[in-house]
Amino acid sequence: MNQIPNVLYADEGEQLSAGNNQWFLKSWLASLTPQADFTTWLIVGASRGIGLEFVRQLLARGERIIATVREPWASHASGLWGQAGSDHGRCQMFLVDILSEDSIIKFVAQLAAVPNLKIDYVVINAGVLRYPNRATELSFDEFAFHLHTNTIGPIITAQKLLQTNIPIGTIAFMSSDSGSQGNFREMEDGFAAYAASKAALNMAIRHLAAELKRKDDDTIILAMHPGEVQTDMANINVTWDVQGIITPEESVLKMLAVIQSKGLQHSGTFWTYENKPYVW
């Protein structure tokens, strides 16, 4: 059974009233406050792949985690609650469908209602690749789906978080080398919609960082290229040789170090998992 058990699930929809849910979150936070060395991470898109690996490694490090999935019956939900089940006191899960603005608003409102919540790091990992997606063949709906999932949803999620009074240290977006305009990857046949959505994400990230700087907001905004990671999303038969395939474990371990190493002077920059600046 892949459903997230209720004990791990902080957003039980009809099973919990809004008031009870806020009480649950307040109690959860209160139970952790004595340990001042905790950092709080929000992982958006945590049911599988890179997002799930972030949860696994952060739990092993003793951090506090807010993790999101799209639905309680998500096909990979068992992997997430399998990781969190032994230590659900430090990992709570929420439903967020980044294709729905209402879902994003509901989730952010739940977080905003929690007194004294501070989020040190946000990782917006939600994304999709439906292969192939050639510009000469793809449909209107297929192109729109990539844009909504890889660009619009992540940016609106960050926007709604930033419009609250929750102090946020860093927001890191999972981008891709496929979205680089300065290093166009011509061999990537069938990646048109995916690459365009990541390029659009990159440009929106740069504008987001610039706007925050003009407002004297100290939230750090980063774009990350996780590398050629061996995940379900990457399990496709492409027509070119993919070099340097790495595991989610290696990618996330290195990205954690990169994300935590960046200061305000780095806001609005693009980095690889190897801590190398990447061309937009």
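On a predicted model such as this, the values are computed, not experimentally measured, just so you know.
Rounding to the nearest 0.5 angstrom, the gap separating the CZ atom in Phe54 from the CG atom in Leu59 is 13.5 Å. How far CG of Leu161 is from CZ of Phe107: 6.5 Å, rounded to the nearest 0.5 Å. Annotation: the span from Ile166 atom CD1 to Lys118 atom NZ amounts to 12.0 Å, rounded to 0.5 Å. Between Gln260 atom CD and Ile220 atom CD1 the span is 11.0 Å, to the nearest 0.5 Å. Between the CZ atom in Phe94 and the NZ atom in Lys106 there is a gap of 10.5 Å [rounded to 0.5 Å]. Separation of atoms OG1 (Thr170) and OH (Tyr121) is listed at 5.5 Å; rounding is to 0.5 Å.
A donor-acceptor pair under 3.5 Å is formed between the side chain of Thr68 and the backbone N or O of Gly45. Of the possible polar contacts, none joining the Ser175 side chain to the Asn202 backbone as a donor-acceptor pair under 3.5 Å is found. Under a 3.5 Å cut-off, the side chain of Arg206 and the backbone N or O of Gly268 do not form any donor-acceptor pair. Of the possible polar contacts, none joining the Glu249 side chain to the Glu53 backbone as a donor-acceptor pair under 3.5 Å is found. Judged by distance alone, with hydrogens and angles left aside, the side-chain atoms of Asn125 form no donor-acceptor pair with the main-chain N or O of Met174 at under 3.5 Å. At distances below 3.5 Å, at least one donor-acceptor pair connects side-chain atoms of Ser180 with backbone N or O atoms of Val279.
The two atoms that bring Ser178 and Ala195 nearest to each other are O-CB, 3.3 Å, heavy atoms only. Closest heavy-atom contact between Ala172 and Met224: CB-CG, 4.4 Å. Taking each heavy atom of Pro248 and Gln57 in turn, the nearest pair found is O-NE2, 4.4 Å. The shortest heavy-atom contact between Ile43 and Gly51 is CG2-O, 3.8 Å. Summarising the geometry of Pro226 relative to Ser251, their closest heavy-atom pair is O-OG, 2.7 Å, with the distance given to 0.1 Å. The shortest heavy-atom contact between Ile104 and Asp97 is CG1-O, 4.1 Å.
Looking at Ile50, Asn275, Thr272 one by one, the single match for side chain to side chain contact (heavy atoms under 4.5 Å, CB included) with Met255 turns out to be Ile50.
Judged as a side-chain contact (heavy atoms from CB on, under 4.5 Å), and not counting sequence neighbours, the contacts of Ala193 are Asn133, Leu138, Phe143, His146. Legend: residues meeting side-chain contact (heavy atoms from CB on, under 4.5 Å) with Lys213, ordered by chain and number and at least two apart, are Ser267.
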ask   = Given Leu129 and Phe191, is the side chain to side chain contact (heavy atoms under 4.5 Å, CB included) satisfied, shown in steps?
value = CA-CA 8 Å; Leu129 167 61; Phe191 269 47; 3.8 Å; yes
task = Could you give me the CA-CA distance, side-chain angles and deciding distance for Ile156 and Gln159, then say whether side chain to side chain contact (heavy atoms under 4.5 Å, CB included) is met?
result = CA-CA 5 Å; Ile156 296 300; Gln159 177 202 93; 3.8 Å; yes
request  = Show the numbers, then the answer: is there a side chain to side chain contact (heavy atoms under 4.5 Å, CB included) between Leu111 and Ile119?
outcome  = CA-CA 10 Å; Leu111 294 185; Ile119 301 176; 4.3 Å; yes
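Judged as a salt bridge (Lys or Arg N to Asp or Glu O under 4.0 Å), the pairs with a partner in residues 150-164 (not counting sequence neighbours) are, in order, Glu101-Lys160. Sorted by first and then second residue, the pairs that involve residues 261-280 and meet ring-ring contact (aromatic ring centres under 6.0 Å, His included), not counting sequence neighbours, are His225-Tyr278, His266-Trp271, Phe270-Tyr278, Phe270-Trp280. Contacts classified as side-chain hydrogen bond (donor to acceptor under 3.5 Å, both in side chains) and involving residues 148-158 (residues at least two apart or in different chains) are given here: Asn150-Ser197. Pairs engaging residues 214-226 under the salt bridge (Lys or Arg N to Asp or Glu O under 4.0 Å) rule: none recorded [sequence neighbours left out].
Counting only heavy atoms from C-beta outward, the side chains of Leu99 and Arg70 approach each other to under 4.5 Å. Proximity of Leu256 to Arg61: side-chain heavy atoms (C-beta onward) are separated by under 4.5 Å at one or more points. Put simply, the side chain of Asp189 reaches to within 4.5 Å of the side chain of Arg134, judged on heavy atoms. Residues Phe173 and Ile221 have side chains in contact (heavy-atom distance under 4.5 Å, counting atoms from C-beta outward). With a 4.5 Å cut-off on side-chain heavy atoms, Ile168 and Leu42 do not count as touching. No side-chain heavy atom of Val44 sits less than 4.5 Å from a side-chain heavy atom of Val123. When side chains are defined from C-beta on, Val122 does not count as touching Thr219, because their heavy atoms never get closer than 4.5 Å. Annotation: side chain of Asp177 is not in contact with side chain of Asn183 (no heavy-atom distance under 4.5 Å).
Contact check on Lys198 versus Glu188 returns no salt bridge, with no Lys/Arg side-chain nitrogen under 4.0 Å from an Asp/Glu carboxylate oxygen.
A cation-pi geometry, defined here as NZ or CZ lying under 6.0 Å from the six-membered ring centre and within 45° of its normal, holds between Arg130 and Phe145.
Cluster membership for Leu147 and Leu208, using ILVMFWY side-chain heavy atoms within less than 4.5 angstrom, is not shared.
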